[in-house]
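Presented below is the structure to which this report refers.
We use all heavy atoms of the structure for the numbers below, so side chains are in, but hydrogens, waters and symmetry mates are not. Please read all numbers here as calculations on a predicted model, not as lab measurements.
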Amino acid sequence: QVQLVESGGGLVQPGGSLRLSCATSGNILSSNAMGWYRQAPGKERELVATKTSGGNTMYADSVKGRFTISRDNAKNTVYLEMNTLKPEDTALYYCTLGPRLDFMTYWGKGTLVTVSS
């Protein structure tokens, strides 16, 4: 069974930074892409940042230049460095796995990021 466990969420002031981590386990051989989606209250789930094992990336326009995704393929771990956080970044962030950058098939339970003063 594939498992994804997120960590690193919390409360941060606007302009601050957080680093999310996701440790994965199980049979993920068919999952080329890893990354992060988020869902804010009353909004649809959206792609934040994803990355393939080969290094290709996809970012939401709203986070480009502020967030950086990275992977440790040997550890099957994905990270999200979030800088210059804004209140509109407040959401439940889900770690994801899937066959391509914009199509995910496995989901973690989520970690809450709250950006507020």
Apply side chain to side chain contact (heavy atoms under 4.5 Å, CB included) to residues L47 and W36 and explain how you reach the verdict. CA-CA 6 Å; L47 184 149; W36 302 88; over 6 Å; no
Determine whether the side chains of S17 and N83 contain a donor N or O and an acceptor N or O closer than 3.5 Å. yes
Hey, could you give me the OG/CD distance between S62 and E46, rounded to the nearest 0.5 Å? 5.5 Å
Is D89 salt-bridged to K86, cutoff N-O under 4.0 Å? no
Are the aromatic ring centres of W107 and Y37 under 6.0 angstrom apart? yes
Using a distance-only test with no angle check, is there a side-chain donor-acceptor pair under 3.5 angstrom linking R38 and Y93? yes
Find out if a path of hydrophobic residues (ILVMFWY) with successive side-chain heavy-atom gaps under 4.5 Å connects I28 to V78. yes
Tell me whether the guanidinium CZ or amine NZ of R71 lies under 6.0 angstrom from the six-membered ring centre of Y79 and within 45° of its axis. no
Euclidean distance, L97 CG relative to T50 OG1, rounded to 0.5 Å: 11.5 Å
Would I69 end up clustered with L18 when hydrophobic side chains under 4.5 Å apart are linked, directly or stepwise? yes
Between P99 and T105, which heavy-atom pair has the shortest distance, and what is it? CD-CG2, 4.0 Å
Give a yes or no on whether V113 and V63 share a hydrophobic cluster (residues Ile, Leu, Val, Met, Phe, Trp, Tyr; joining criterion: side-chain heavy atoms under 4.5 Å apart). yes
Please round to the nearest 0.5 Å and tell me the distance separating atom OG1 of T24 and atom OH of Y106. 11.5 Å
Under 3.5 Å, is there a donor-acceptor pair between the side chain of T114 and the main chain of L11? no
Spatial distance of atom CZ (R66) from atom CE (M82) [nearest 0.5 Å]: 9.5 Å
Are P14 and L85 packed together at the side-chain level, in the sense that at least one heavy-atom pair is separated by less than 4.5 angstrom? no
Is T90 reaching over with its side chain to a backbone N or O of E88, donor-acceptor style, under 3.5 angstrom? no
Between the main-chain N or O of C95 and the side-chain N or O of E6, is there a donor-acceptor pair closer than 3.5 Å? yes
Kindly work out whether a path of hydrophobic side-chain contacts (I/L/V/M/F/W/Y, heavy atoms less than 4.5 Å apart) joins L80 to V115. yes
What distance do L101 atom CG and M34 atom CE have between them, rounded to the nearest 0.5 Å? 12.5 Å
Verify same cluster id: F67, L20 (apolar side-chain graph, 4.5 Å): yes
State, without any angle test, whether S53 and N32 hold a side-chain donor-acceptor pair at a distance under 3.5 Å. yes
Gap separating the CE atom of M104 from the OG1 atom of T96, nearest 0.5 angstrom: 3.5 Å
